[in-house]
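As structure tokens, the structure follows; a few thoughts come after it.
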Amino acid sequence: MNIVILAAGQGKRMHSQLPKVLHPIGGKALASHVIDTARSLSPERLILVYGHGGTIVRSTLAADDICWAEQAQQLGTGHAVAQALPQLSSAAQTLVLYGDVPLISAATLGRLLQAAGQGVAVLTVDLADPTGYGRIVRDAAGNVLRIVEQKDADAAEKAIREINTGIMVLPTDRLAGWLSALKNDNAQGEYYLTDLVALAVDAGISVKTAQPAAEWEVLGVNSKLQLAELERRHQRNQAERLMVDGVRLVDPARIDIRGQLTHGRDVAIDVGCVFEGRVELGDAVEVGPYCVLKNVKVGPGTRIAAFCHFEDATIGPDGVLGPYARLRPGAELGPEVHIGNFVEVKKSRIGAQSKANHLAYIGDAEIGQRVNIGAGTITCNYDGVNKHKTIIEDDAFIGSDTQLVAPVTVGRGATLGAGTTLTKNAPPDTLTVSRAKQMSLTGWQRPIKEKK
Ligand code: UD1
Ligand code: CA
């Protein structure tokens, strides 16, 4: 089959520079949702009709399997499909989708294709309020006769509640003839794709219909309000899938997945979490409330407390993280590592059972096993021009408020006294302290406030 995705419209009501079909749902462009669903049906040709915001639409959605058809002027949906005509394989059926109707399911499209056979089929739905949509006009026996647009409909037609979703299947070998027969003598002065239905009936082809499994599948996005509504629907769908697969969500209405979340067994996710890119949660991982995880792999048994922010990081099994921990790109934590509140880790490897529980910056570091990093420790990795590495070997103890001026190495089993500013390597199994000796000055007086 051929699939034609209509995406030339501007989307005026979005009030945005960004072409409508590039606005995101679940972190992915509206049109990309449709493209992915189209791909799952393995079409022979996949053609995108674009117009408004042409260059950015093409560059954002570019892929080897997509053919492009430009519709320079938006003269109607029939005109739009006509632009794709030269690229269609005439032996196959043509399925028309909308780039701004993102949640249509492959299962529904499968049923529509089946209903069509080698003929015509329209995806329709009964709406309590059909205002604005094209209506499906049937004869007394229930056969579809034609589609009438809202603006062209008389009172009786406006009362029809069965509407055209816009999604339809057409026999490609008939398209050229039908499309060239379209006229724009209607209320909107447009070439309506919907007029093909009457042409098919005239040609003795009966027009079939199919219905989506749920109404939200055929909802389009015309405004930011509708964008937000479909975002919540999409998130609800993902949440339901996770729960069916055994993930415990404290509140399925309070999760956002903008990418791919994979998981093991007995995973629990508290409210308000955002998952972006590829996130992998191992068995029995617990994610506390209000965490943001982007491109993160979390080993089994790890517990993440509230308000953590992790990006491009790997966390070993049985870790204890947060609250308020931050892992930046290149953070690699071994098994049973503890990273506590207000600790930032960037481009650093931390070995098994090492702990940094409070207020620290660990950047460009190589940290061994069972290392204890005291509160307020900072790797001074940047000299203003270049980044340098800090190496802390196994079993070292870093006292509180230590600055490690990189490049520097702390030997195995070494202890650094609190407040040390380490500028030279610390030998193994030795106490290194850099602070001045403590003294008490007798007779010293506090300054007194000067009189004005
Ligand atoms: C269309 C249908 C209507 C249906 C409704 C469902 C026609 C004539 N009417 O109406 O029966 O109930 O969709 O939402 O088909 N587009 C182009 N080029 C154009 C015009 C439109 O690419 O020249 C694209 C738009 O970007 C959009 C889709 O086609 O993705 C539908 O266009 P829109 O203007 O929203 O159609 P409606 O008038 O709402
Ligand atoms: Ca519309």
Side-chain angles (χ1 to χ4, degrees), residues 3-14 16 18-23 29-35 38 47-54 57-58 61 68-85 95-104 120 122-127 129-137 144-153 157-158 160-168 170 178-179 182-199 207 209 211-212 215-223 226-227 230:
I3 298 184
V4 177
I5 300 175
L6 303 188
Q10 179 182 13
K12 267 197 199 132
R13 280 176 286 158
M14 296 300 278
S16 171
L18 195 66
K20 176 160 79 175
V21 291
L22 297 185
H23 283 267
L30 293 174
S32 298
H33 285 269
V34 183
I35 291 168
I47 297 140
L48 240 106
V49 179
Y50 71 103
H52 271 281
V57 169
R58 279 191 71 153
L61 302 175
W68 297 91
E70 186 175 12
Q71 187 194 24
Q73 268 187 299
Q74 281 71 63
L75 302 179
T77 47
H79 180 258
V81 171
Q83 309 314 301
L85 203 52
L95 168 64
V96 178
L97 302 176
Y98 284 180
D100 57 3
V101 178
L103 302 186
I104 185 68
V120 176
V122 180
L123 191 68
T124 73
V125 69
D126 285 312
L127 292 184
D129 177 12
T131 310
Y133 291 96
R135 310 295 206 282
I136 308 297
V137 181
V144 175
L145 295 178
R146 60 197 171 86
I147 297 176
V148 61
E149 291 304 294
Q150 164 88 23
K151 287 183 178 149
D152 302 295
E157 289 164 340
K158 279 184 185 143
I160 299 171
R161 300 224 318 241
E162 187 186 8
I163 63 100
N164 169 34
T165 64
I167 293 170
M168 56 179 84
L170 300 152
W178 290 346
L179 288 172
L182 286 183
K183 298 204 178 68
N184 65 349
D185 54 352
N186 49 52
Q188 302 184 78
E190 288 183 3
Y191 297 94
Y192 291 164
L193 185 66
T194 45
D195 285 350
L196 295 196
V197 168
L199 294 176
V207 173
T209 58
Q211 281 70 44
E215 202 177 294
W216 47 258
E217 284 192 45
V218 298
L219 295 179
V221 173
N222 294 302
S223 66
Q226 289 168 333
L227 186 69
L230 284 195

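When a ligand or atom number is given, it counts from 1 through the structure's own listing order. Residue numbers count from 1 along this sequence.
Assignment of Ile163 to the shell around ligand 1 is not supported, since no heavy atom sits closer than 4.0 Å.
Near Ala80, the atoms of ligand 1 lying under 4.0 angstrom from a non-hydrogen atom of the residue are 17 (C), 18 (N), 22 (O). Under a 4.0 Å criterion applied to the non-hydrogen atoms of Thr194, ligand 1 contributes the atoms 7 (C), 8 (C), 9 (N), 11 (O), 15 (O). Taking every heavy atom of Gln74 and a limit of under 4.0 angstrom, the matching atoms of ligand 1 come to 18 (N), 19 (C), 23 (O). Which parts of ligand 1 touch Thr165 is read off a 4.0 Å heavy-atom cut-off, strictly below it: atoms 6 (C). Close contacts between ligand 1 and Leu6 involve ligand atoms 22 (O), 24 (C), 29 (O), 30 (O) [criterion: under 4.0 Å to a heavy atom].
Of the residues listed (Val96, Ile104, Thr209), the one engaging Leu123 in a side chain to side chain contact (heavy atoms under 4.5 Å, CB included) is Ile104, and it is the only one. Screening Thr124, Asp129, Val125 for a side chain to side chain contact (heavy atoms under 4.5 Å, CB included) involving Leu127 leaves a single residue, Val125.
How far CD of Gln150 is from OG1 of Thr131: 5.5 Å, rounded to the nearest 0.5 Å.
Looking at ligand 1, you'll find an N or O of Asp100 within less than 3.5 Å of one of its N or O atoms. Checking only distances, Gln71 does come within under 3.5 Å of ligand 1, N or O to N or O. Geometrically, ligand 1 and Gly76 share a nitrogen or oxygen pair separated by less than 3.5 Å. Polar contact with ligand 1: present for Glu149 (N/O pair, distance under 3.5 Å). Below 3.5 Å of separation, one finds an N or O of Gly9 facing an N or O of ligand 1. By the 3.5 Å distance cut-off applied to N or O atoms, Asn164 is counted among the residues near ligand 1. In terms of polar-atom proximity, defined here as any N/O pair under 3.5 Å, Gly134 does make such a contact with ligand 1. Annotation: Thr77 places an N or O atom under 3.5 Å from an N or O atom of ligand 1; distance criterion only. Residue contacts with ligand 1: Ala8 is placed with a nitrogen or oxygen under 3.5 Å of a nitrogen or oxygen of the ligand (distance criterion only).
Side chain of Gln83 to backbone of Ala80: no donor-acceptor contact under 3.5 angstrom is found. A donor-acceptor distance shorter than 3.5 angstrom exists from the side chain of Arg135 to the backbone of Lys158, with no hydrogens or angles considered.
The heavy atom nearest to atom 28 (C) of ligand 1, considering only Tyr191, Tyr98, Tyr133, Tyr192, is found in Tyr98.
Judged purely by distance below 3.5 Å, without hydrogens or angles, the side chains of Lys151 and Asn186 never pair a donor atom with an acceptor atom. For the residue pair His79 / Gln73, no side-chain donor-acceptor distance below 3.5 Å is found, with atom types taken as modelled.
Every residue meeting the ring-ring contact (aromatic ring centres under 6.0 Å, His included) condition with His33, not counting sequence neighbours, appears here in chain and number order: His234. Applying the ring-ring contact (aromatic ring centres under 6.0 Å, His included) criterion to Tyr50, with sequence neighbours excluded, gives Trp68.
Comment: Glu157 engages Arg146 in a salt bridge, judged by a side-chain N to carboxylate O separation of less than 4.0 angstrom.
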